[in-house]
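Here's the structure we're looking at; comments come further down.
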Amino acid sequence: MTAQTDDELWSAIADPSRRQVLDLLVSNGEVSASWLAGRVPFTRQAVSKHLVVLERAGLISRRKQGREVLFQVEADRLDQATRAMAELAAQWDRRLGMIKRLAETAHTENKKRNRHDG
């Protein structure tokens, strides 16, 4: 993923309302914006804006069926996002582990120093 693609992805899923829309799409398959609007505590206009952001990030797609526009999750992109989040979590785990080891080493060194200074 490119940095811009990553930014669009993180921005898209950072908003709790968008995650709610995405969760509904994951759970219910292909649905209309009107259907979604009937199941969330925000306006149809807000749903439309959230759908645009999710679509721009590649997490959902739309198709026209008659006069109705139906939205669905892009499973490959969602899998890609899940892997990216897992890798980010692993990176932070490694960083936090390194910080912990440095702190423990510093603590041990301070104890030794204090013993010798006493």
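These numbers come from the heavy atoms of this one structure, side chains and all, not from hydrogens, waters or symmetry mates. In this text, all values refer to a predicted model and were calculated from it rather than measured experimentally.
Atom-to-atom distance recorded for Arg19:CZ and Ile13:CD1 is 7.5 Å, nearest 0.5 angstrom. Residue Phe71 holds its CZ atom at 9.5 Å from OG of Ser61, rounded to the nearest 0.5 Å.
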>> Please determine whether side chain to side chain contact (heavy atoms under 4.5 Å, CB included) holds for the pair Trp10 and Leu88, giving the CA-CA distance in whole Å, both sets of side-chain angles, and the decisive distance to 0.1 Å.
In response: CA-CA 11 Å; Trp10 299 129; Leu88 187 63; 4.1 Å; yes
>> side chain to side chain contact (heavy atoms under 4.5 Å, CB included) for Leu24 and Val31? Distances and angles first, verdict last.
In response: CA-CA 9 Å; Leu24 284 167; Val31 297; over 6 Å; no
>> Quick one, His107 with Lys111, criterion side chain to side chain contact (heavy atoms under 4.5 Å, CB included). Give me CA distance, side-chain angles, the key distance, then yes/no.
In response: CA-CA 6 Å; His107 180 71; Lys111 279 176 109 175; 3.6 Å; yes
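Between Lys64 and Glu68 the shortest side-chain heavy-atom distance does not fall below 4.5 Å. Between Arg63 and Glu30 there is a side-chain heavy-atom pair separated by less than 4.5 Å.
A salt bridge links Arg94 to Glu87: at least one charged side-chain nitrogen sits closer than 4.0 Å to a carboxylate oxygen. Between Glu8 and Arg56 there is no salt bridge, since no side-chain N of the basic residue sits under 4.0 Å from a carboxylate O of the acidic one.
Counting only N and O atoms by type, the side chains of Arg77 and Gln80 include a donor and acceptor under 3.5 Å apart. Side-chain contact check for Thr105 and Arg101: no donor-acceptor pair (N or O, by modelled atom type) lies under 3.5 Å.
For the side-chain contact (heavy atoms from CB on, under 4.5 Å) criterion with Ile60, the lone passing option out of Leu25, Val26, Val52, Val53 is Leu25. With respect to Leu59, the side-chain contact (heavy atoms from CB on, under 4.5 Å) criterion is satisfied by exactly one of Val21, Leu78, Leu51: Leu78.
Shortest non-hydrogen contact noted between Ser32 and Leu70 is N-CD2, 3.8 Å. The two atoms that bring Pro41 and Gln20 nearest to each other are CD-NE2, 3.6 Å, heavy atoms only.
Placement of Leu9 and Trp92 within a single hydrophobic cluster is found when ILVMFWY residues are connected by side-chain heavy-atom separations under 4.5 Å, directly or transitively.
The backbone N or O of Ala14 sits nowhere less than 3.5 Å from a side-chain atom of Arg18 that would complete a donor-acceptor pair.
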